[in-house]
Amino acid sequence: MTAVALTPRPARFRPARFRPARFRTVRALRLEFKHSPVVRVLPILAALFYVNAYRTAAGFPPTWTVRASVITGSNLVFFSVIAAGIAAWVATREGRRQTGDLLATTARVAWARQATVLAATAFWMVLAYLAGVAVIYIQTARQATWGGPPLWPVAVGVMGVAASCAVGFTCGTLLPGRFTAPIVAVAVFAAWFAGVAAANNVNNASNGMKGTSALLVAATGRPQNIDVGVYYHVPPDVSIAQVMLMGGVLLGLLGLLPAARVPGVRGLSFAAGRRLTVVAAAGVACGVAASATAFALAGTARYSFTTGWEIPALLDAADDQPVPYTLDCTGSVFKVCIHPAFEPYLGAMSAPLQLAAAEIAGLPGAPVRAEMTTGNTLPAVAGTTSVYDYSTEQEGFGDASFWATPAIARTADWEQGVQEDFITWFVSGPAEQDSPGPTPAEEAVAIALLAKIGAPVPQYPQFSQPGTQPGASSASSTSGASATQSGASAAQITAAASGFESLSSAARHAWLAANLAGLRSGTITLAQLP
């Protein structure tokens with residue numbers, strides 16, 4: 001056997017691979033994504049989201065427009081405050097750590113390095129915000145029975161969080177310091193508080209008042225009416241203006257980023273790069289133009305009782321058209337119908353109305369059907385129609401509002417409120433907006449009929465004010481038909497109701513059939529009741 005000598009192969013020289021600038025940017029972004037401080041505060045964001053936004057949304061009715069108001073309401077406020085504070089904190093990192101001399105030797109300019117940090121911070125904050133939106137929308141999708149998720153509130157929220165990051169980052173870059181982040185967070189919260197107060201004043205006026213530019217504040221709370229977006233589409237006009245405003249702020253601050261250099265750190269000034277100067281100036285100009293246009297459009301906003309705030313320049317004619325739907329109905333002798341968006345309330349409406357309708361069945365003008373209408377429609381006149389129209393607001397004596405969740409609507413108090421509204425409507429006719437309310441005789445008859453079906457005494461003015469003295473004039477007997485009757489105390493009305501309740505069912509129905517018209521007109525007094 002012969003030995004073979006093995007000569008080692010000389011190592012080949014491998015020059016360093018040149019990586020283009022785009023690969024270096026991607027690697028820098030990956031590092032910032034991994035080491036962003038937002039990752040460490042995600043558990044805190046989740047806890048705040050659950051305590052504030054999630055529980056608030058769970059307490060609202062399962063309709064899409066109402067639940068979506070949380071996304072641009074309290075949820076956007078605290079996300080914006082935290083986003084501005086964290087962005088300001090990461091922007092002051094180089095100034096706080098005094099790494100200016102070290103970073104001056106790097107190949108990347110300061111503005112590009114800072115833009116990478118801002119992009120990572122905005123990415124995590126927007127991602128966390130979208131995760132919260134997904135939780136609220138998934139919960140609503142499991143409970144809602146009609147409609148779909150609105151997307152414009154999501155766009156407004158995303159733009160609001162991104163703009164808050166840009167504001168905080170710019171402040172932190174220009175004014176680096178240990179106290180910059182908390183000061184910026186408090187300032188953003190104060191700005192939201194002042195803006196929401198101004199916007200709520202405009203929304204409560206609902207009459208096209210001056211100063212409608214306050215509508216540009218996104219966090220204005222829940223809609224005034226629960227049926228917003230149910231009978232008519234919600235026009236995206238105000239949301240478009242809000243996106244334009246916050247997009248202009250974001251674009252303008254990004255355009256200023258090359259000039260917002262940390263003191264002592266090498267960067268690329270406007271004078272050093274003509275191309276960058278043109279791009280930055282164009283970004284600032286576009287941002288200012290977008291924000292100014294949003295203010296001008298919001299100043300022309302007008303209020304509609306069916307669709308809410310509209311901006312003529314952005315209005316789509318299709319938004320003024322009713323949304324088609326098919327009523328959900330139940331019952332045989334007395335049919336109860338409801339809008340499909342409120343189908344979870346159908347059982348809570350039908351059960352108490354069946355009892356109340358059976359008590360007045362066969363009387364003149366007794367309805368054979370109950371049907372939900374828009375909250376802006378007054379109830380039909382009792383005695384002239386066979387349909388009892390009830391609205392989503394239920395602003396009657398029973399206060400059975402559809403703002404309650406379906407679980408609350410199945411309680412005895414809510415169902416008794418439905419019966420109080422129905423019986424009071426039948427006995428005294430519909431309550432007009434300027435109506436003084438039922439007369440003492442009408443109150444006594446309504447109390448007696450409600451007692452026969454097990455409902456408590458309605459909260460009429462005399463019964464809701466314990467300090468009322470016997471013989472004092474009731475709040476409902478000062479004008480109109482009530483002016484023909486003298487005042488009566490709660491004790492007198494209760495005594496008359498007890499006497500009417502003690503009659504047999506046949507005698508009670510016979511008296512109502514003969515005297516219902518006079519009772520509604522106010523000509524029958526409390527003493528004339530049998």
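Heavy atoms only: backbone and side chains are in, while hydrogens, waters and symmetry mates are out.
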**Study point:** Distance (rounded to the nearest 0.5 Å) between M125 CE and L42 CG
**Key:** 8.5 Å
Review point. Between L127 and W124, does a side-chain contact (heavy atoms from CB on, under 4.5 Å) hold up when you go through it step by step?
Key: CA-CA 5 Å; L127 183 63; W124 279 112; 4.0 Å; yes
Review point. Do V38 and F123 touch side chain to side chain, with heavy atoms closer than 4.5 Å?
Key: no
**Study point:** Inter-residue atom distance E371.CD - C329.SG, 0.5 Å rounding
**Key:** 7.0 Å
Exercise for review: Fit a plane to each ring of F49 and Y54, take the angle between them on a 0 to 90° scale, and name the class: parallel (under 30°), tilted (30 to 60°) or perpendicular (over 60°).
Suggested key: tilted
Practice item. Return yes if some donor-acceptor pair links the side-chain N/O of T405 with the main-chain N/O of G59 below 3.5 Å, else return no. Key: no
Revision key, fill the gap. Interatomic distance, CE@M349 vs CD@Q354, rounded to 0.5 Å, equals 10.5 Å
**Study point:** Aromatic plane relationship, W414 with F402 - under 30° parallel, 30 to 60° tilted, over 60° perpendicular
**Key:** perpendicular
Exercise for review: Compare all side-chain heavy atoms of W64 with those of V230 and state whether any distance is below 4.5 angstrom.
Suggested key: no
Point to revise | T145 side chain to P340 backbone, donor-acceptor under 3.5 Å | key: yes
Review point. When rounded to the nearest 0.5 angstrom, what distance separates CG in L251 from OG in S291?
Key: 9.0 Å
**Study point:** Closest contact, heavy atoms only, A57 versus I136
**Key:** CB-CG2, 4.1 Å
Review point. For L253 and V167, what are the C-alpha separation, side-chain angles and deciding distance, and is it a side-chain contact (heavy atoms from CB on, under 4.5 Å)?
Key: CA-CA 7 Å; L253 293 177; V167 170; 3.7 Å; yes
Review point. For R67 and A58, which heavy atoms make the closest approach, and how far apart are they?
Key: NH2-O, 4.2 Å
Review point. Taking the side chain as C-beta and beyond, is there a heavy-atom pair between L297 and L314 under 4.5 Å?
Key: yes
Practice item. May I ask you to test the I240-I311 pair for a side-chain heavy-atom distance under 4.5 Å? Key: no
Check your understanding: Would you say the side-chain atoms of S239 pair up with the backbone N or O of W152, donor to acceptor, closer than 3.5 Å?
Key -> no
Point to revise | Pairwise side-chain contact, M372 with C337, heavy-atom cut-off 4.5 Å (strictly under) | key: no
Practice item. Verify, without hydrogens or angle tests, whether S69 (side chain) and V66 (backbone) share a donor-acceptor contact under 3.5 angstrom. Key: yes
**Study point:** Nearest heavy-atom neighbours spanning A409 and A348
**Key:** O-CB, 3.1 Å
**Study point:** Flag if over 12 foreign heavy atoms under 6.0 Å of OH, Y50
**Key:** no
Revision key, fill the gap. Taken to the nearest 0.5 Å, the spacing of T330 OG1 from L353 CG works out to 11.5 Å
**Study point:** Separation between CG of L118 and CG of L254, rounded to the nearest 0.5 Å
**Key:** 6.5 Å
Point to revise | Chi angles and distances behind the side-chain contact (heavy atoms from CB on, under 4.5 Å) call for L45, F79 | key: CA-CA 8 Å; L45 284 172; F79 261 95; 4.3 Å; yes
Study note, to complete from the structure: Note: A84 and V188 closest approach over all heavy atoms is CB-CG2, 3.6 Å
Exercise for review: Kindly state whether the ring of F342 and the ring of W146 have centres lying under 6.0 angstrom apart.
Suggested key: no
Check your understanding: Are Y390 and T373 close enough that some pair of their side-chain heavy atoms sits under 4.5 Å apart?
Key -> no
Check your understanding: Would one find more than 12 heavy atoms of other residues, nucleotides or ligands at under 6.0 Å from atom CZ of F189?
Key -> no
Exercise for review: Provide the closest heavy-atom pair for A404 versus P61 in the form atom of the first, atom of the second, distance.
Suggested key: O-CG, 4.1 Å
Practice item. Indicate the atoms forming the closest heavy-atom contact of A341 with T63, along with that distance. Key: O-CG2, 4.0 Å
Point to revise | Residue pair R369, F334: steps toward the side-chain contact (heavy atoms from CB on, under 4.5 Å) verdict | key: CA-CA 6 Å; R369 177 186 176 96; F334 185 80; 5.7 Å; no
Check your understanding: If we only count heavy atoms from C-beta on, is the D421 to Y388 side-chain gap below 4.5 Å?
Key -> yes
Check your understanding: Would a 4.5 Å heavy-atom cut-off, applied to side chains only, mark Y137 and P150 as touching?
Key -> yes
Review point. Are the side chain of Q419 and the backbone N or O of G454 linked by a donor-acceptor pair below 3.5 Å?
Key: no
Exercise for review: Determine whether the aromatic ring centres of W89 and F169 lie less than 6.0 Å apart.
Suggested key: no
Check your understanding: Sub-3.5 Å donor-acceptor pair from the side chain of R410 to the main-chain atoms of P406, do we have one?
Key -> yes
Practice item. Using the six-membered ring wherever Trp is involved, compare the ring planes of Y231 and H339 and label them parallel, tilted or perpendicular (cut-offs 30° and 60°). Key: perpendicular
